[in-house]
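Heavy-atom basis, side chains included; hydrogens, waters and symmetry copies ignored. Numbers restart at 1 for each chain; the letters A, B, ... are given by sequence-line order, proteins then strands.
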Amino acid sequence: MQARTLAAALATMLLAAGCTTTGAGSAPQEGADGPAELLFWNTGSDEQAAAMQAAADRYRELHPDVTIKVQAIAWDDGHAKVLTAATSRSGPDIISGGLSWGIEFGELGGMIDLNRYDVSQARQQTRPELWNSITSPGGAVYGIPMDMTLYVFYYRPDLLQKAGVSTPPATWAELFTAVDKLKASGVPTPLVEEWGTFEWLPWFNYLKQAGGSLYSDDCTQVTINSEQAVLATTTWADQYRRYGVPKATVDVGAGLAKGEYAMAIGASYLAGGFDSGQPALKGKWQTAPLPTGPAGAGSFVGGKIVGAMSYTKYPQAAADFVKWLYTDEAVEILQREVFTRGGELYISPRPELLAKANASDNLKQTLQTTLDSVTGPPNCKGWETSGAEVSKRLQAVVNDDADPRTVLAEAAAVMQGNLG
Amino acid sequence: MTAVLIDKPPTARPAPAGKRARWRRAVPGYVMLLPFAGLFVGFLVWPLLNALYFAFTDFNGVRPPSWVGLENFGRLWFEDQRFRTALVNSVIYVACTVTLTTAAALALALAFRGTSWRDRVMRTIFFLPSVTSTIAVMLIWRWIFSGERFGLANTVLARFGADPVSWLSTPRWTIPLLVLMAVWGGCGYGMVIFVSGLNAIPEELYEAGRLDGANAWQQFRYLTLPQLKPVTTYVVITGLIGAFQVFEAVYIVFRAVSSVGGVQDSGLMLVPYLYDMGFTKFQLGYASAIAWTLFLIIFVISMIQLRVTRALREL
């Protein structure tokens, strides 16, 4: 009996031991050329991960002792997964994710400051607005931009012409005049918003076009409660209240194909799926930069960062691969593979390589023009916490007819509190 | 000598040899329980105690937690406007959901309590939502209440010439839609419990009632309802716990229009708020305080419910 009891206890202990994870407890191994086995969590689709794996395989040809396995994680739960990995100090060596993730996880101690591995080359090649967004207030760079997402104005030239609009609207006034004309011509929903539809992102475009900002350049003052912001908020709210822009996310491609929508303000990633997802739309859509406001052009730039987790056993190899993604060769592979595998457009953080992207001349021209006036997300302390709060106050202007000045003052108070 | 043995009290301590034998017989049972006990302690008790500890710290998930005492609870109960919004939303949602679900479940049970094919089929149909994938169901609800013209609700409205409604981005619709989803998904489960309760009521009681001249309503009011009290208590308490823990409906359905909580926090509930603070804003210590507050709320309400039920029974 005692033997059986002992055996059962041993079995239980073995079972428990088998359930435990192996953390990265051993000392970091320096050396860019390995040997190293890196796990890369690429936030996005399986096709994007496969494209990144193709790039990683090429990297292995150049560095035979460094193996990189790329896994896709979904946007929906990627944030929580990376947090869990950072908390447990086990999981991937490299991650990609939202532009703000680097500062978020880096400030928590979950990611390596890549300044230690000399990212000056990448800094020089990236647009300053984008680089500023991924640099923490203290100067740390926990992840460097991996790709860019830009706002694009999509439209159906045939529907615009039928409504008596000969060119895509270039200003706010022209935009809303076009909405009225399209409505009169029978288009049920002339304009739709996509990418952060009823949140702060589309409003941010209006803010830039009105000449406003969220914070002062040095992040010491909140500037959201300016007259420019009031104008931006009123105009943004009017697009929902007066011009019938849907407040929920819509299927832009399907709507444009059916002729239910004639114009859409959306992310650049949409462009890749139009022809493949909506064959009826092929040859019927065009793009233009967003309409300008009283202060001129301006829009938000997003994208992904790529960086190394702080617990990785191979920080040097991970950082070296991250930097390699900026090379001409890596960008060329990603442009080709992302398009081949998913029909999507890969926009490198190196703007001079945009000309080689798999896109129509019209779209490339639009992106090139847009790049001249983009602004990334603020890197000021507390913005991550404040963003949703700002959205909810802005929504009150549309839903409750709240006074823009009042809601912006409330938003400023929240942001100032989080700024410290 | 024999008389002494017979007079020995039955509760006397067994001989040491007997105790050892009983212990030997019990040991394999305890050993076989060990895997479950290990999992229970490792995945339930330990996380619960850990969360209680974190509730008194400023733990952000990565850096070691530091003790802040009651600061999280003070901020939560006296300063946090979003928590108040989440609490009020939750209380309204729970009250509406539990009441309507219980009433609908009882009505369905009374309608389909029999053993005929029709009753069995109807019970199966109403029970289906309880065994259907929650994610799939929520995505269907999202499609039904899509603000676009192809959304089912808007398609029906269009038949009557009405303009499409932005169901999910209009704050006044948020709680009613959440309640509708919950009642639709929960009344089948409650119905099954009520059917078993109804079939356990002795038929003699109804015969006696009929002999005394009780009509159908009086039989329901004075026989069925009192006899169903334990079952009703079970349905209400389990429904209440489930309603306070609502997450998927808020997170999936309203994701199309806003971040956690729906437009203007109109659908913010306690668990989605907990998730938002813990996994979006990395305030795991604060999220733990929310979790333990939620536990206390459910515990107190359940105790009150049990107490009231017992008091009614004693009347």
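Chain A forms more heavy-atom pairs under 4.5 Å with one residue of B/G278, B/P171, B/G261 than with any other, namely B/P171.
Scanning residues 393-401 of chain A against chain B with a 4.5 Å heavy-atom cutoff picks out A/Q395, A/A396, A/N399, A/D400, ordered by number. Among the residues in residues 62-73 of chain B, those with a non-hydrogen atom closer than 4.5 angstrom to a non-hydrogen atom of chain A are B/V62, B/R63.
Distance check, rounded to the nearest 0.5 Å: OG1 of A/T87 to CZ of B/F279 gives 8.0 Å. Note that NZ of A/K247 is 4.5 Å distant from OG1 of B/T170, once rounded to the nearest 0.5 Å.
A salt bridge (charged side-chain N to carboxylate O under 4.0 Å, His left out) check over residues 277-286 of chain B, counting only residues at least two apart or in different chains, returns the pairs B/D276-B/K281.
Neither the backbone nor the side chain of A/E260 has a heavy atom closer than 4.5 Å to any heavy atom of chain B. Using a 4.5 Å cut-off between heavy atoms, B/Y30 makes no contact with chain A at all. Looking at B/R82, the atoms closer than 4.5 Å to chain A (heavy atoms on both sides) all sit in the side chain, from C-beta outward.
Residue B/G262 comes nearest to A/K392 through the heavy atom pair O-NZ, 3.2 Å, listed as atom of the first residue, atom of the second, then distance. The two atoms that bring B/S169 and A/A248 nearest to each other are OG-N, 4.3 Å, heavy atoms only.
Crowding of A/W75 atom CH2: a count of heavy atoms from other residues, nucleotides or ligands under 6.0 Å exceeding 12. With a 6.0 Å radius and a threshold of 12 heavy atoms from other residues, nucleotides or ligands, A/W383 has its CH2 atom above the threshold.
For A/F198, the ring pair (Phe, Tyr, Trp, His ring centres under 6.0 Å) partners two or more places apart in sequence, or in a different chain, are A/W236, A/Y240.
By the 30° and 60° cut-offs, the orientation of the rings of A/H79 relative to B/F282 is parallel.
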